[in-house]
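Residue numbers begin at 1 in each chain, while the letters A, B, ... track the order of the sequences.
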Amino acid sequence: MSRYSAADIEAKWQAAWDAAGTFKAVRSDDKPKYYVLEMFPYPSGRIHMGHVRNYTMGDVIARYKLSTGHNVLHPMGWDAFGMPAENAAMASGGHPKDWTYQNIADMRAQMKPLGLSIDWSREFATCDPEYYGQQQSLFIDMLAAGLVYRKKATVNWDPVDMTVLANEQVIDGKGWRSGADVERRELVQWFFKISDMAGELLDALDGLDNWPAKVRLMQSNWIGRSRGLQFAFGLTENDTGHDRVEVYTTRPDTLLGASFVGISPDHPLAKELERRDPAVAAFCTDARKGGTTEEAMEKADKLGYDTGLTVRHPFDTAWELPVYIANFILMDYGTGAIFGCPAHDQRDLDFSRKYGLPVKPVFIQAYSKGVLTGYPLGFAMSSAFNLASSNGDLSTSSTGELYFWQDEHAYVPPKSESVKYVHGFAGAELQTGAEGVDTAIAFCEANGVGHGVTKFRLRDWGLSRQRYWGCPIPVVHCDTCGTVPEKKENLPIELPYDVDFSIPGNPLDRHPTWRHTTCPNCNAPARRETDTMDTFVDSSWYYARFTAPHATTPTAMADAAYWMNVDQYIGGVEHAILHLLYSRFFARAMQITGHLPKSAIEPFDALFTQGMVTHEIYQTYGRTGPNDRHGEGHGFTQYHFPEEVENRNGKVVLKATGNEVEIIPSAKMSKSKKNVVDPMNIIAAYGADTARWFVLSDSPPERDVEWTASGADAAAKHLARVWALCDRIGNMDPNVTGEGDDDLLRAMHRSIHDVTVGIEGFGFNAAIAKLYAFTSALTKSKAGAAAQKLAIRTLAQLMSPMTPHLAEDIWAHQGGTGLIANAVWPVADPAMLTHDSVTLPIQINGKRRAEITVPRDMPASEVEKLVLADDAVIRALDGATPKKLIVVPGRIVNVVV
RNA sequence: GCCCGAGUGGUGGAAUGGUAGACGCAGAGGACUCAAAAUCCUCCGCCGCGAGGCGUGUCGGUUCGAGUCCGACCUCGGGCACCA
């Protein structure tokens with residue numbers, strides 16, 4: 001008997017697929033197309049288990065679709081621009097390009113042994129000039145279409161590294177790399193006009209039925225549509241040259257609780273005051289300080305500066321409100337100015353308490369939860385404009401029925417709760433939430449106070465990066481013509497190779513010649529743009545490029561029309577927002593610029609977000625020695641690689657010392673915690689099929705899967721069992737007959753059905769469980785040779801998307817024709833999925849008490865008779881009379897007493 | 001703070017409103033072996049000798065029947081957030 005040797009058969013079948021060109025995607029109308037794409041990797045140099053899981057899932061789909069008669073496109077490429085290459089260059093003195101291409105070569109070599117059904121002829125890296133040259137061409141078209149523009153923007157500037165930092169790269173207000181205090185700087189940057197499409201990108205989410213609801217929701221929140229009122233407060237007499245302050249609010253129903261108006265330090269009015277008054281300038285400078293990160297803003301105090309200016313309330317010209325400059329107001333959302341309603345907004349309440357501003361409730365709960373205990377209920381103004389008592393000192397109001405806010409918590413009514421308005425809107429009692437807001441907007445519009453507007457949280461996408469290793473922005477700055485796009489015949493604008501990373505900043509800026517060029521317009525000497533594009537641009541259209549990777553335009557329309565959209569996209573949920581949103585934007589932009597057909601407005605028809613591969617962490621505690629800088633007595637944690645530990649009598653111990661280790665369950669694989677397994681080691685030890693089988697088997701694909709040595713062993717043992725089974729059946733005399741042919745064939749058809757359903761519904765773990773069961777049935781079967789041979793061939797087919805090499809080998813041994821990869825997927829015979837007789841459980845009042853086997857088509861009335869005559873039922877009824885009998889044909893019987 | 005999602009044996013997890021715990025791991029017992037490894041077989045939710053009872057985070061509801069649907073709560077996880 002031969003032994004299962006993964007190394008031999010895997011190399012053999014990979015060579016066979018290559019030789020046959022099995023996975024080369026060919027455009028033709030004879031079959032339906034199917035485009036499977038996994039999010040392409042960054043070439044870090046090593047593949048990890050997350051890659052293995054991601055690509056295996058895509059491979060299962062791709063191979064299954066190939067077997068079910070589709071033209072499959074399943075490409076692979078490299079998201080190859082980005083900072084790690086530059087950082088590596090700075091650390092080791094190498095070149096980002098060399099580093100990147102070497103890593104690509106290494107990773108490709110690691111990926112090939114997995115036996116993925118990829119069309120490698122379409123491979124590209126985003127740092128190939130052929131790719132980014134087309135990206136530059138696309139950029140020029142987008143510029144012409146008005147989808148790109150330049151503006152001054154505030155950025156995080158690292159003064160040591162002399163570069164812009166993304167928000168995530170600012171830690172505690174300091175640059176993640178240099179540790180320098182980050183400054184907010186205004187730079188002229190390029191932007192994509194994604195905000196113009198905010199409404200469209202939001203509305204179209206509804207049509208993405210095959211996307212996870214969670215991802216759609218995250219995108220929806222990110223785009224952030226809000227409905228509100230935009231209106232102006234008129235300024236009282238002043239000499240600033242301003243006569244009004246424009247404000248946007250989503251809570252116009254609280255307008256009568258206003259107690260101040262706040263403007264951003266970057267608001268035009270604030271800037272005007274800043275020019276005149278050094279005290280204002282000092283305040284504004286201070287307020288602008290600090291990063292734009294979440295933590296920085298969280299920590300910052302709410303600071304306000306009383307400008308001395310006042311505005312009139314739009315509903316009561318006698319009612320004046322002070323104008324503050326406040327550090328928490330953002331210039332780039334709404335109008336850069338707000339009104340504060342402290343009774344119903346916690347931040348406004350804190351601010352008002354700090355600066356001694358009045359707090360006037362607008363509405364109160366219909367019932368009290370303690371927040372408003374002690375306040376009289378039910379008072380409403382007779383008219384919104386009858387507001388004499390709203391202005392001034394509430395405590396001495398003549399009516400004696402006004403309200404003080406003594407609580408330190410603002411009352412924010414929950415959605416859909418009935419509230420009574422205290423001030424305003426004609427004594428209305430309204431639902432809170434959208435209804436109250438709509439009512440308030442309608443009321444304000446009717447009275448000539450502003451108008452309802454829809455705003456989005458989504459802002460334009462700033463794409464300029466002061467980096468070398470990215471796609472150069474293909475424009476030229478000319479003293480006479482201004483900013484001019486490059487001529488397309490000059491593309492690609494290639495990155496120069498001879499750059500110097502020994503000093504900080506963008507090497508393109510310092511390059512002796514690269515930036516000097518001539519104006520495409522007037523031929524006068526001019527300067528190239530030295531900023532490069534955000535790497536998210538590279539990954540926003542690569543899916544389209546795969547349809548014609550060697551085209552001399554960004555896409556080839558006929559190919560794009562044939563292959564787009566991606567039928568199934570697979571990747572990590574960490575890209576739920578940015579990458580997927582940017583790709584959706586680009587698909588639209590490429591349609592506008594004529595690079596994608598109208599049908600490809602949404603690039604990804606179906607999206608699947610897979611979970612991570614996790615592993616236990618093994619740790620021991622040490623004590624520091626006398627030389628440790630922490631001094632004696634400090635404990636420290638030491639981590640150990642999985643291969644350093646073993647299981648001895650139920651205890652996990654260090655192989656070297658025998659000391660027991662502590663186990664931290666299931667954490668994301670991380671080199672620093674040493675809870676990693678290298679796919680290369682797994683493939684060397686067990687083979688690719690085992691690794692593929694295991695990453696699919698243990699957990700549902702959308703959830704995290706924990707890599708365990710015992711699980712991998714089990715997978716390997718199972719594959720070896722299947723191999724041995726094939727060997728045994730292969731040696732059977734073809735003429736031998738046996739017992740239970742029908743049972744085996746029924747199990748086979750059940751298995752075909754279940755595995756097919758499992759693969760189509762991304763239930764890979766369930767499909768594998770069914771394959772275990774079928775294998776077990778076949779192992780125990782005493783059926784004749786013909787049935788067993790058919791069963792093992794079918795088993796191989798059903799396993800082939802997951803363990804393609806083993807499946808090919810079995811197929812070949814069992815006399816299958818051609819490659820199993822090209823074999824037609826088996827179809828379950830419906831007649832073989834049901835039996836002539838069924839066993840029905842019998843419940844008494846919903847509790848299972850007995851069972852009965854009856855012919856499948858027996859009428860319910862007959863079944864009832866048999867049930868009531870059943871000994872076990874009579875015993876369980878114990879003389880009680882059944883009130884009702886429910887027979888669900890083919891499923892269950894319930895006796896109600 | 002706002003918005004989502006999830007809670008099932010020792011463990012990963014199965015289960016169109018219809019026999020809860022498939023399949024795997026771990027564990028126990030057995031066969032083979034001089035012995036071990038490998039392999040194979042059996043058992044494996046909890047209580048109970050047993051008949052039986054109880055069981056899908058908690059409490060209620062809908063239903064002939066609820067892990068599944070509805071409501072409230074608890075716990076964990078995720079996303080967003082000076083967004084006016």
Side-chain angles (χ1 to χ4, degrees), chain A residues 212-222 224 226 228-229 247-252 254 261-262 264 292 294 296-302 326-330 332-341 345-348 350-351 410 412 414-415 455-459 573-574 576-577 614 647 650 665-666 694 697-700 703-706 708-715 717-718 720-721 724 754 757 763 765-776 779-780 839-851 882-888 890-897:
Chain A
K214 181 178 150 188
V215 173
R216 293 191 312 198
L217 186 71
M218 281 161 68
Q219 290 220 354
S220 168
N221 290 339
W222 184 263
S226 69
L229 178 77
V247 163
Y248 171 71
T249 178
T250 57
R251 296 298 308 280
T254 65
V261 164
S264 164
T292 50
E294 220 174 280
M297 294 188 286
E298 201 74 26
K299 279 181 205 149
D301 277 333
K302 310 281 178 270
N327 64 344
F328 58 85
I329 300 167
L330 307 171
D332 52 1
Y333 185 80
T335 60
I338 63 163
F339 77 82
C341 176
D345 182 286
Q346 189 62 45
R347 189 191 55 202
D348 293 347
D350 295 344
F351 189 84
V412 181
K415 269 185 188 167
K455 286 208 188 288
F456 295 92
R457 205 192 73 107
L458 181 68
R459 300 182 215 171
V573 74
E574 66 274 19
I577 297 175
T614 63
N647 196 321
S666 198
F694 179 75
S697 67
D698 238 26
S699 290
R703 249 187 265 181
D704 292 351
V705 63
E706 180 165 69
T708 60
S710 57
D713 278 337
K717 281 177 192 170
H718 179 73
R721 270 194 296 269
D754 291 346
V757 167
N765 57 326
I768 283 180
K770 304 293 185 186
L771 287 167
Y772 271 109
F774 180 40
T775 306
S776 170
T779 305
K780 288 174 186 159
T839 300
L840 303 177
I842 301 173
Q843 294 182 333
I844 307 223
N845 284 339
K847 303 259 182 211
R848 185 177 180 278
R849 292 293 180 221
E851 62 181 38
K883 283 189 199 138
K884 201 170 163 189
L885 216 62
I886 291 157
V887 178
V888 184
R891 295 233 65 123
I892 203 164
V893 179
N894 196 6
V895 183
V896 186
V897 289

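Judged by distance alone with a 3.5 Å cut-off, no donor-acceptor contact links the side chain of R849(A) to the base of rU19(B). Between the base of rC80(B) and the side chain of N221(A) there is no donor-acceptor pair shorter than 3.5 Å.
In this structure, R721(A) reaches the rC40(B) phosphate: one of its side-chain N or O atoms is under 4.0 Å from OP1 or OP2. Close to rC80(B), at under 4.0 Å from its OP1 or OP2, lies no side-chain N or O of R457(A). Considering only side-chain N and O atoms, R347(A) lies under 4.0 angstrom from the phosphate OP1 or OP2 of rC83(B).
For RNA chain B, the stems formed by at least three consecutive Watson-Crick or G-U pairs, with both atom-pair distances below 3.5 Å, span B:1-7 with B:74-80, B:10-12 with B:23-25, B:27-31 with B:39-43, B:45-47 with B:52-54, B:57-61 with B:69-73.
Of the two residues contacting RNA chain B, namely Y333(A) and T779(A), the nearest-nucleotide position lying further toward the 5' end is that of T779(A). For the pair D698(A) and I892(A), both in contact range of RNA chain B, the more 5′-proximal nearest nucleotide belongs to D698(A).
Closest of all the heavy-atom pairs between V896(A) and N845(A) is CA-OD1, 3.5 Å. Summarising the geometry of Y248(A) relative to S226(A), their closest heavy-atom pair is OH-OG, 2.8 Å, with the distance given to 0.1 Å. Here the closest non-hydrogen pair linking D698(A) and E706(A) is OD2-O, 4.4 Å.
Note on Y248(A): a base of the nucleic acid sits closer than 4.0 angstrom, heavy atoms only. Within the nucleic acid shown, N765(A) comes within 4.0 Å of sugar-phosphate atoms alone, with no base atom in reach, counting heavy atoms only. Residue S697(A) is out of contact with every strand shown, counting any heavy-atom pair closer than 4.0 Å. Looking at heavy-atom distances under 4.0 Å, I886(A) makes contact with a base. No engagement by A766(A) is indicated, since no non-hydrogen atom pair under 4.0 Å with the nucleic acid exists. At the heavy-atom level, V888(A) lies under 4.0 Å from base atoms of the strands shown. At the heavy-atom level, E706(A) lies nowhere under 4.0 Å from the strands shown. Nucleic acid contact class of I842(A) (heavy atoms, under 4.0 Å, all strands): none.
For I329(A), the listed nucleotide lying nearest its side chain is rA84(B); candidates were rA84(B), rG65(B), rA22(B). Considering only the side chain of Y772(A), rG24(B) comes nearest among rA84(B), rU19(B), rG24(B). Of the candidate nucleotides rC80(B), rA14(B), rG24(B), rA14(B) has the atom nearest to the side chain of P700(A). For K717(A), the side-chain atoms get nearest to rU39(B) when compared with the rest of rU39(B), rA84(B), rG18(B). The listed nucleotides are rC82(B), rA14(B), rU19(B); the one nearest the side chain of P841(A) is rU19(B).
With sequence neighbours excluded, the residues that form a salt bridge (charged side-chain N to carboxylate O under 4.0 Å, His left out) with D754(A) are R750(A), K770(A). Applying the salt bridge (charged side-chain N to carboxylate O under 4.0 Å, His left out) rule to R347(A) yields no partners; only residues at least two apart in sequence or on another chain are considered.
At least one cation-pi condition fails for K455(A) and Y333(A): the charged atom is not both under 6.0 angstrom from the six-membered ring centre and inside a 45 degree cone around its axis.
In rG9(B) the base sits syn relative to the sugar, since the glycosidic angle is no further than 90° from 0.
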